[in-house]
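Notes follow once the structure below has been shown.
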Amino acid sequence: QVQLAESGGGLVQAGGSLRLSCAASGRTIIFYHVGWFRQAPGKEREFVAAISWNARTTNYADSVKGRFTISRDNGKNTVYLQMNSLKPEETAIYFCAAKRSGLEDIGDSSYNYWGQGTQVTVSS
């Protein structure tokens, strides 16, 4: 079992930045692909970004390309999401998730392990 815990959320003004962390425990995350998702009030959970187990491949939703960067430090068992130029409509709970295969599948049902989420609020 892999336990995931997100941190780094908070309140930020539009145009600001936040760095989210996803710390794994229980088992090493080194062989897992990790994705970030978000869910705004009244909306479905949506894919944000993903990174392969060896960090050689990353995927991003079109809406965040050029502003968000996903990275990982397998030595620290942690994956990061750097978010720049944040917009009010990106206010949501942000979740990280892990799986062993199928990085190209961005559907949330393809992920096996989930964190509890961290709230990101972007004020206008």
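All residue numbers in this chain count up from 1 along the given sequence.
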Which pairs of donor and acceptor atoms, one on a side chain in residues 5-23, lie under 3.5 Å apart (sequence neighbours left out)?
residue : atom : partner : partner atom : Å
E6      : OE1  : Q116    : N            : 3.1
E6      : OE1  : G117    : N            : 2.8
E6      : OE2  : C96     : N            : 2.8
E6      : OE2  : G117    : N            : 3.3
S17     : OG   : N84     : OD1          : 2.9

Quiz item: Which residues pass the salt bridge (Lys or Arg N to Asp or Glu O under 4.0 Å) test with R38, sequence neighbours left out?
Solution: E46, E90

Practice problem: Using modelled atom types only, decide if a donor and an acceptor are shared between the side chain of N59 and the backbone of A50 within a distance under 3.5 Å. | Solution: no

Self-check item: Which residues share a side chain to side chain contact (heavy atoms under 4.5 Å, CB included) with R27, sequence neighbours left out
Solution: V2, Y32

Practice problem: Look at the side chain of T91 and the backbone N and O of V122, then say whether any donor-acceptor pair between them is shorter than 3.5 Å. | Solution: yes

Practice problem: Could I get the full list of side chain to side chain contact (heavy atoms under 4.5 Å, CB included) partners for D73, not counting sequence neighbours? | Solution: K76, Y80

Exercise. State, to 0.1 Å, how close I29 and N77 come at their nearest heavy-atom pair, and which atoms those are.
Key: N-OD1, 2.8 Å

Quiz item: Which residues satisfy the side chain to side chain contact (heavy atoms under 4.5 Å, CB included) test with Q1, sequence neighbours excluded?
Solution: Q3, Y113

Quiz item: Should F68 and I93 be regarded as members of a common hydrophobic cluster, given that ILVMFWY residues are connected when their side-chain heavy atoms come within less than 4.5 Å of each other, either directly or indirectly?
Solution: no

Quiz item: Going by the salt bridge (charged side-chain N to carboxylate O under 4.0 Å, His left out) test, which pairs reach into residues 57-66, not counting sequence neighbours?
Solution: D62-K65

Quiz item: When hydrophobic residues are tied together by side-chain contacts of less than 4.5 Å, even through go-betweens, does V120 share a cluster with Y60?
Solution: yes

Practice problem: Kindly write out the residues that satisfy side chain to side chain contact (heavy atoms under 4.5 Å, CB included) with K43, not counting sequence neighbours, or none if the list is empty. | Solution: A40

Self-check item: Considering all heavy atoms, the nearest Y94-L81 contact
Solution: CD2-CD2, 4.4 Å

Self-check item: Whether R45 side chain and F95 backbone form a donor-acceptor pair below 3.5 Å
Solution: no

Quiz item: Would you find a donor on one side and an acceptor on the other, under 3.5 Å apart, between the side chain of R72 and the backbone of H33?
Solution: no

Quiz item: Going by side-chain heavy atoms closer than 4.5 Å, which hydrophobic residues are tied to W53, directly or by a chain of links?
Solution: I30, F31

Quiz item: What pairs with F37 under ring pair (Phe, Tyr, Trp, His ring centres under 6.0 Å), at least two apart in sequence or on another chain?
Solution: F47, Y111, W114

Exercise. Applying side chain to side chain donor-acceptor pair (under 3.5 Å), name anything that partners S123, two or more places apart in sequence or on another chain.
Key: none

Quiz item: For S101, what residues pass the side chain to side chain donor-acceptor pair (under 3.5 Å) criterion, not counting sequence neighbours?
Solution: none

Quiz item: Excluding sequence neighbours, so at least two apart, what forms side chain to side chain donor-acceptor pair (under 3.5 Å) with N112?
Solution: none

Quiz item: What is the distance from atom CG of N74 to atom OG1 of T28, rounded to the nearest 0.5 Å?
Solution: 6.5 Å

